[in-house]
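For the single chain, residues carry numbers from 1 onward in sequence order.
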Amino acid sequence: MGLGGISIWQLLIILVIVLLLFGTKRLKSIGSDLGNAVKGFRSAMSDPDKEAEEEAKRLEEPPAANRAATPDPAARTATPDPAAKAEPRDKV
């Protein structure tokens, strides 16, 4: 007795029937498609971990466009006098 009441001879007969129905080229392409699907599934399952790490890195450092637009702190001038910007008040 083999697997669950199926003998080796019955498995061989099923294998021969499958080969006759589909052919070796078709079975090879089905096998490669199945392998690619499993590989894609595995990479998709590991991607959330990688995406979380990349998201954390991206949030920590500003993008290159913002770094160029942000002035250098050493190049800043002294803060302007707040009284110079104040609007004149009407005298009552």
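- In this structure, CG in Leu27 is found 12.0 Å from CG in Leu34, a value given to the nearest 0.5 Å.
- Here the rule is side chain to side chain contact (heavy atoms under 4.5 Å, CB included) with Val16, and of Ile13, Ile14, Leu20 only Leu20 fits it.
- Neither Leu15 nor Leu11 shares a network with the other; the hydrophobic side chains, linked directly or stepwise wherever heavy atoms of I, L, V, M, F, W or Y lie under 4.5 Å apart, form separate groups for each.
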